[in-house]
Amino acid sequence: MNIQELLNIEYPILQGAMANISTSEIASAVSNAGGLGMIATGGFTPEEVRREIRKMRELTDKPFGVNVVIMHSDVEELKELVVEEKVKIVTCGAGNPAPYIGYWKENGIKVIPIIANKKMAMKVESLGADACVFEGAEAGGHIGKLNTFAALPEIVGSVNIPVVAAGGVYTARQIFAAEILGASGVQMGTRFLVAEETPVHENFKKALIDATDRDTIVTGITGPHPVRCLKNSLTDKLLELELKGAGVEEFEKYAVGSTLKAVKDGDSDWGSIMAGEGLEYLTEIESAKDIIENIMKEYDELTDFWCRNGN
Ligand SMILES: Cc1cc2nc3c(=O)[nH]c(=O)nc-3n(C[C@H](O)[C@H](O)[C@H](O)COP(=O)(O)O)c2cc1C
């Protein structure tokens, strides 16, 4: 079964959950455009998540998902909340999903863990996951070690469930490439950061549109949680602290609250703007519908051309 059949969506495009950002506003726009919108739990309280799920149902009758961050301080409450709210699709990551997959499956939820390597893919399949998202290190936000297009075929070959490719996917050509490498669909995060409906400050979107291909950087490279962000004074400072082996308190002085500083206050210099490597593809603010329809139009032209000419 492919990802469209599994999730009952028109296009093989999932909107990646984005902590502090992906509320029902952008998620419903993506679902209404034929993709799968995703409500984040990262950065939100369980009550806020519940409110967004309910709002989502007023804004769309199309399928949508909720992303449960396993390291969330209220993960046990979120585990129950998605069942109570009759959510049909859950993606989960940032922690061990093993204690949750079975429970959600028993409650009729389709479970799609985010994985970073072959071992994790095989593990979540053995626990009953319906599909998995393989997210490579080109992605924005917290990343693993392997890169999408290098590791994808190996991961697809190691499991029998559909694999969705994430990290570095912005265009029709990349979707087609991911499919040729065996993916059943793609998950895009950064591409939707510049959607009209995405509730981030306009400075945040402008900084992404102005940025070019070498403008992301990974901080936290020596620790367990590396993060890909747009380069700015904050990332310079964090890398400087990292190089001199600074203590946690020094990092926290700059890092705590930095996401909201960027998302809400529009501080694109000292706020954390998590973003993936494909910044050259972000050229304007468009509706989620236009983003998806333009990509799929180009995809149809590309695949038609390919079938006729073989290149
Ligand atoms: C700002 C931002 C916040 C993110 N927050 C989350 C999150 O809360 N949970 C999650 O599973 N993934 C999160 N991600 C990863 C995305 O869901 C998605 O997998 C990733 O953006 C795909 O790579 P791309 O940015 O190259 O499209 C985040 C990504 C970004 C850019």
Side-chain angles (χ1 to χ4, degrees), residues 13-23 26-27 30 35-44 48-49 52 65-72 75 78 89-95 97 111-116 120 124 132-144 146-149 152 163-171 174-175 177-178 183 185-195 198-201 204-205 207-208 211 213 215-219 225-230 258-264 268 271-282 291-292 295:
I13 297 178
L14 282 61
Q15 166 243 313
M18 290 180 278
N20 294 289
I21 296 172
S22 55
T23 56
I26 176 61
V30 170
L36 186 79
M38 193 75 60
I39 294 174
T41 60
F44 297 115
E48 286 169 329
V49 174
E52 290 306 317
V66 172
N67 169 256
V68 176
V69 172
I70 308 288
M71 283 166 61
H72 196 295
V75 65
L78 291 167
I89 302 163
V90 164
T91 66
C92 55
V111 185
I112 309 181
I114 321 288
I115 56 102
M120 288 170 80
V124 299
C132 63
V133 173
F134 165 53
E135 191 194 67
E138 298 95 322
H142 293 267
I143 55 171
L146 303 179
N147 286 84
T148 310
F149 288 89
L152 182 57
V163 176
V164 172
V169 180
Y170 298 77
T171 66
Q174 289 158 331
I175 296 180
V186 298
Q187 169 164 292
M188 302 191 301
T190 303
R191 187 69 189 84
F192 289 113
L193 279 174
V194 295
T198 298
V200 297
H201 196 282
F204 191 117
K205 295 183 189 179
L208 291 174
D213 54 356
D215 286 344
T216 70
I217 194 150
V218 180
T219 58
H225 304 298
V227 185
R228 183 180 297 285
C229 298
L230 191 67
S258 60
T259 300
L260 287 180
K261 223 184 236 179
V263 170
K264 299 277 178 230
S268 50
S272 170
I273 300 189
M274 294 190 226
E277 274 185 342
L279 299 174
E280 288 284 353
Y281 305 111
L282 310 180
I291 292 175
I292 292 179
I295 289 177

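Positions are given from 1 along the sequence. Remember, it's 1-based here, ligands and their atoms both numbered in the order they're listed.
Within the 4.5 Å cutoff, the side chain of I295 has no heavy atoms near those of the T171 side chain.
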Applying side chain to side chain donor-acceptor pair (under 3.5 Å), run through T259 and N20 and close with a yes or a no. CA-CA 8 Å; T259 300; N20 294 289; 4.7 Å; no
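At least one heavy atom of Y170 sits less than 4.0 Å from an atom of ligand 1. The shell of residues lying under 4.0 angstrom from ligand 1, judged by heavy atoms, excludes G42. Within the 4.0 Å heavy-atom shell around ligand 1 one does not find R191. Not a single heavy atom of G278 lies less than 4.0 angstrom from ligand 1. At least one heavy atom of A17 lies less than 4.0 angstrom from ligand 1.
Of the candidates L36, V133, V90, V133 is the only one forming a side chain to side chain contact (heavy atoms under 4.5 Å, CB included) with I112. With T148 as reference, E138 is the one residue of E138, E135, Q174 to meet the side-chain hydrogen bond (donor to acceptor under 3.5 Å, both in side chains) rule.
Considering backbone and side-chain N/O of L193, none are found under 3.5 Å from N/O of ligand 1. Of the N or O atoms in A275, none lie within a sub-3.5 Å distance of an N or O in ligand 1. The shortest N/O to N/O separation between V69 and ligand 1 does not fall below 3.5 Å. Considering backbone and side-chain atoms together, A19 places an N or O closer than 3.5 Å to an N or O of ligand 1.
Atom 26 (O) of ligand 1 has G168 N, 2.8 Å as its closest protein atom, hydrogens excluded (heavy atom only). Distance from atom 30 (C) of ligand 1 to its nearest protein heavy atom, with residue and atom name: M18 CG, 3.7 Å. Taking atom 10 (C) of ligand 1 as the reference point, the nearest protein heavy-atom neighbour is N67 OD1, 3.6 Å. The nearest protein atom to atom 27 (O) of ligand 1, hydrogens excluded, is given as G189 N, 2.8 Å; this is a heavy-atom distance. The closest protein non-hydrogen atom to atom 31 (C) of ligand 1 is M274 O, 3.5 Å. Of all protein heavy atoms, the one closest to atom 29 (C) of ligand 1 is G140 O, 3.3 Å.
In the vicinity of M188, heavy-atom distances shorter than 4.0 Å reach the ligand 1 atoms 27 (O). Close approach to T190 involves these atoms of ligand 1, each under 4.0 Å from a residue heavy atom: 21 (O), 24 (P), 25 (O), 27 (O), 31 (C). Near E135, the atoms of ligand 1 lying under 4.0 angstrom from a non-hydrogen atom of the residue are 15 (C), 16 (C), 18 (C), 19 (O), 20 (C). Below 4.0 Å from some heavy atom of Q187 lie the following atoms of ligand 1, by number and element: 17 (O), 18 (C), 19 (O).
Put simply, the side chain of H225 never gets that close to the backbone of H142: no donor and acceptor are under 3.5 Å apart. Not a single donor-acceptor pair under 3.5 Å links the side chain of S22 to the backbone N or O of I39.
With rounding to the nearest 0.5 angstrom, the OG1 atom of T41 is 5.0 Å from the CG atom of L78. Of the inter-residue distances, the one linking I89 atom CD1 with L14 atom CG reads 8.0 Å to the nearest 0.5 angstrom. Here the straight-line distance linking atom OH of Y281 with atom CE of M188 works out to 12.5 Å at 0.5 Å rounding. A distance of 11.5 Å separates CD1 of I273 from OG1 of T190, quoted to the nearest 0.5 Å.
Residue A40 does not touch ligand 1, judged by heavy-atom distances below 4.0 Å.
Remark: T216 pairs with R228, E277, L279 by the side-chain contact (heavy atoms from CB on, under 4.5 Å) rule, at least two apart or across chains.
Counted within 6.0 Å of CZ on F149, heavy atoms from surrounding residues, nucleotides or ligands total more than 12; the atom is thus considered enclosed.
Closest non-hydrogen pair, E280 versus D213, comes out as OE2-N, 3.1 Å.
Considering G276, P113, G167 only, the shortest heavy-atom separation from atom 22 (C) of ligand 1 involves G167.
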